Amino acid sequence: VEFRVIANAATRTTALINGEVDFISNIPVMDVNRLKNDPNVQVITNPSLSCNYMGFDQLNEHGSAGTDDPNPLLNVKVRQAIAYAVDKDAMLLGVNDNIGTKIDSVVLKDALGYTDKIATYEYNLEKAKALLAEAGYPDGFTCDIHTPSALYAKYAQVLQESLRQIGVTANIKQEELSAYKASTIGGKFDIAINGCSFTFMDVYESCGDVIYGPKIGETNSTFYNDPDVNAWFAEALETGDQEKLASLYEKVLIKISEDLPIIPFIWRVRNITCAKDLNIPYVDPYAFHYLRDWSWNS
């Protein structure tokens, strides 16, 4: 097996189509459907262990704008209004070319502790406007959306348009990753859009880093510090009882769906795109490629 490093995504794809390489992994989502129609290649996909989400600053009393006005995002009704304004269909179709799955939870249905008892927020701009009015912001407010890459900035553009329709002015700030981390971990943001990847399907693995109180100052960029969630996570980290663990995780999922320190919106997929006669049984969700299991079709 010969591995080649081809830095440019378009060049990698061209090399595959021209038969210069036999497989490439994780092509951009906007290329998946196009390449599925190419008779000489095949695209193999599988749900990943990663999702996209937006988080809210729960630290600053006055938000990142530096004014004396209260931070609207500390009001749960404002966060709920934004949840109703998130157009997940537009994000999935417009940014991901319909590759992936819309989600309301930070884990999938087969995960320990998954529950359908969580609060959900269907796309509804009228409900969003009503909640803003109840929160004391009938005319909206101004905020910023931080992103660490051009891809996440596209999600931010969809959110920006939805927020505009409920009277909220959002300014997008795309930053290099180091600057983005400085902004978010430093609490110098209002809304942040990012993704997370984890090693196995587990509630703490999927969101603990960004909502567990003891992680503030390290990875908890939302500064969410709920005593109940902290206690449930602490207990979960010490128990080996699967039934108890499922109960604790269910409580966490319900609580954060109501408090909304984060809003998950898309579950991502992994893909391998390869020559038509290369047999690849499955795509590992964490992007480990077990070449010993691959073979050529005769």
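Quantities reported herein were computed from a predicted structural model and do not represent experimental measurements.
Looking only at side-chain heavy atoms (C-beta outward), V168 and L132 come within less than 4.5 Å of each other. Residues Y84 and L131 meet the side-chain proximity criterion, which asks for heavy atoms closer than 4.5 Å. Residues V203 and L248 are not in side-chain contact: their nearest non-hydrogen atoms beyond the backbone lie 4.5 Å or more apart.
Aromatic ring centroids of F189 and Y180 lie 6.0 Å or more apart.
Across L112 and Q242, no two heavy atoms sit closer than the pair CD2-OE1, 3.5 Å.
Using a cutoff of 4.0 Å between basic side-chain nitrogens and carboxylate oxygens, K88 and D104 are scored as salt-bridged. Salt-bridge check for D259 with K255: passed, with a basic side-chain N closer than 4.0 Å to an acidic carboxylate O. For K181 and E175, the salt-bridge test fails: no basic side-chain N is under 4.0 Å from an acidic carboxylate O. We find that R270 and D284 are not joined by a salt bridge, their nearest charged nitrogen and carboxylate oxygen being 4.0 Å or further apart.
Heavy atoms of other residues, nucleotides or ligands lying less than 6.0 angstrom from NZ of K276 number more than 12. Sparse packing is recorded around CD of E176, with 12 or fewer heavy atoms of other residues, nucleotides or ligands lying under 6.0 Å away.
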> After noting the C-alpha distance and the side-chain angles of Y212 and Y204, does the key distance pass the ring-ring contact (aromatic ring centres under 6.0 Å, His included) rule?
Replying inline: CA-CA 9 Å; Y212 185 35; Y204 180 79; 5.7 Å; yes
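Using a 3.5 Å distance cut-off with no hydrogens or angles, the side chains of N220 and T222 do pair a donor with an acceptor. In summary, the side chains of Y224 and N230 do not present any donor paired with an acceptor at a separation below 3.5 Å, with no hydrogens or angles considered.
Listed for the D190 side chain is a donor-acceptor partner under 3.5 Å among the backbone atoms of D144.
With sequence neighbours excluded, the residues that form a side chain to side chain contact (heavy atoms under 4.5 Å, CB included) with P281 are D293, W294.
F141 and Y137 have perpendicular rings, their planes meeting at more than 60° on a 0 to 90° scale where under 30° would count as parallel.
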